[in-house]
2 protein chains.
Amino acid sequence: MSQEMAAPSDPPSFTDPESPRGRLLRQAAHLFRDKGYERTTVRDLASAVGIQSGSIFHHFRTKEEILKAVMREAILVNTGRMRSRLEAVADTGEAVRTLVQCELESINGETGEAMAVLVYEWRSLSEASQAEILELREVYEGIWLDTLTRAKSDGLIEAEPFILRRFLTGALSWTITWYRPEGDMTIENLADHVMSMLKIPPA
Amino acid sequence: MSQEMAAPSDPPSFTDPESPRGRLLRQAAHLFRDKGYERTTVRDLASAVGIQSGSIFHHFRTKEEILKAVMREAILVNTGRMRSRLEAVADTGEAVRTLVQCELESINGETGEAMAVLVYEWRSLSEASQAEILELREVYEGIWLDTLTRAKSDGLIEAEPFILRRFLTGALSWTITWYRPEGDMTIENLADHVMSMLKIPPA
DNA sequence: GAATATACCTAGCAAGCGCTTGGTTTGTAA
DNA sequence: TTACAAACCAAGCGCTTGCTAGGTATATTC
């Protein structure tokens, strides 16, 4: 006789990538990015990790919860990395560059698929989940806005921090559609291009 | 006794917005943008235009063909408008500004919903349809690239036209997520911000 | 006034979907 | 050895989906 234990949902921290849950999240990010959330079935996801479709629901209560978890962990990882990189930086111009570089890495590095899912599959979240994820995003955006505001009062940039951040969000996130890390151009080169567009001189 | 006539697919030109097909396309753009293509059912679309779900297939052979038509007409309309506006412009800097302004209007004006669908629902097209739409996009992108290349050889911009165009694509298309035409900022203001970021002086 | 085309309706099929249920296997630790 | 939880399987339910079939109403054209 077996008893039902509710599938766990929001762990306090990151998921171990080698755990069954971690492998599931990685494959989910890949499939959701590749085919879109709605066009990815739980059967697709299950066979990608080599289990039966029903077994998914031992790890997550619903399909949507998988999507939410993918987004959640992506933001948490990238907010954390941004924070720790900023600690080593005093100069404001250098701080802006650090943020640009971090965001390019988020988008084009290991968490890239999850970040793309975050942008493209937003509407597939319920309103409750959207609010939950939005809260995490606001922490991330707060760091950006603080830094840009400092750059403005230091006279490094002319534009409104709000508007500049929005142009940057678009320009940087769009790199996922065309930038190929295996090509000639490095992420550092990319960041250089951005910085020269912003008229901020190298530190 | 009724005989089957295949539903029409690609008309030579634009669809009359007042025709049943036109109304369907407008509602489709709206719903696809609002809820996403996959989450919009033919029943949703039918009831939005006030007909039965089966009647949709009198006008389009498949649901995907509706998506394709939405994208097709959006590109055609905007390529046409861009072309005609450029005719009145000689100065290269002014030409760049015209393109920026046109694209902002495409994204935030009447065709905005269709343009958003073009960006967000790309993966819902079959490969064959993707190729078809890509051909139309390449005409549009050709105009951009010609103009930016001219601006570069005139010394107006420093960046590679290819890369600059990509940054611009991202930054401009992202405006749909935050810019509100009914607010204080006009599209001209927005274009001004972009031009100042590109260091191109007013004509 | 017969023929034809357009625009729609009613009813429903076949397939695919997320998810549930009840159970088995495997690993860990007392 | 027994106890127990985590990880998974096999089967399938109930519902929604895109789409089809066969028919009707109305307007236009010859």
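Within every chain, numbering begins at 1; the chains are lettered A, B, ... in the order of the sequence lines, protein sequences first and strands thereafter. All values reported here derive from a predicted model rather than from experimental measurement. FYI, side chains are in, hydrogens and waters are out, and symmetry mates aren't considered; it's all heavy atoms of this structure.
Going from atom CZ of F57(A) over to atom C1' of dC13(D) covers 14 Å, rounded to whole Å. Across the protein-nucleic acid pair, I56(A) atom CD1 and dT21(C) atom C1' stand 17 Å apart, rounded to whole Å. Look at NE2 on H58(B): it is 13 Å from C1' on dA25(D), rounded to the nearest Å. To the nearest angstrom, C1' of dG18(C) lies 11 Å from CD of E38(A). Remark: P of dG16(C) and CZ of R39(A) are 16 Å apart, rounded to the nearest angstrom.
At a cut-off of 3.5 angstrom, counting only N and O atoms as typed in the model, there is a donor on one side and an acceptor on the other between the side-chain of R43(A) and the base of dG18(C).
Between E121(B) and R123(A) a salt bridge is recorded (basic side-chain N to carboxylate O distance below 4.0 Å).
Positionally, the nearest nucleotide of DNA chain C for I51(B) lies more toward the 5' end than for the other of I51(B) and V42(A). If you find the closest nucleotide of DNA chain C to T62(A) and to S55(B), the one lying nearer the 5' end belongs to S55(B).
Cation-pi check for K68(A) over F60(A) is not met; the charged atom does not lie both under 6.0 angstrom from the ring centroid and within 45 degrees of its normal.
T40(B) comes within 4.0 angstrom of the backbone, heavy atoms only, and of no base. Note on Q52(B): a base of the nucleic acid sits closer than 4.0 angstrom, heavy atoms only.
Between F167(A) and H193(B), the ring planes lie tilted relative to each other; the angle falls in the 30° to 60° range.
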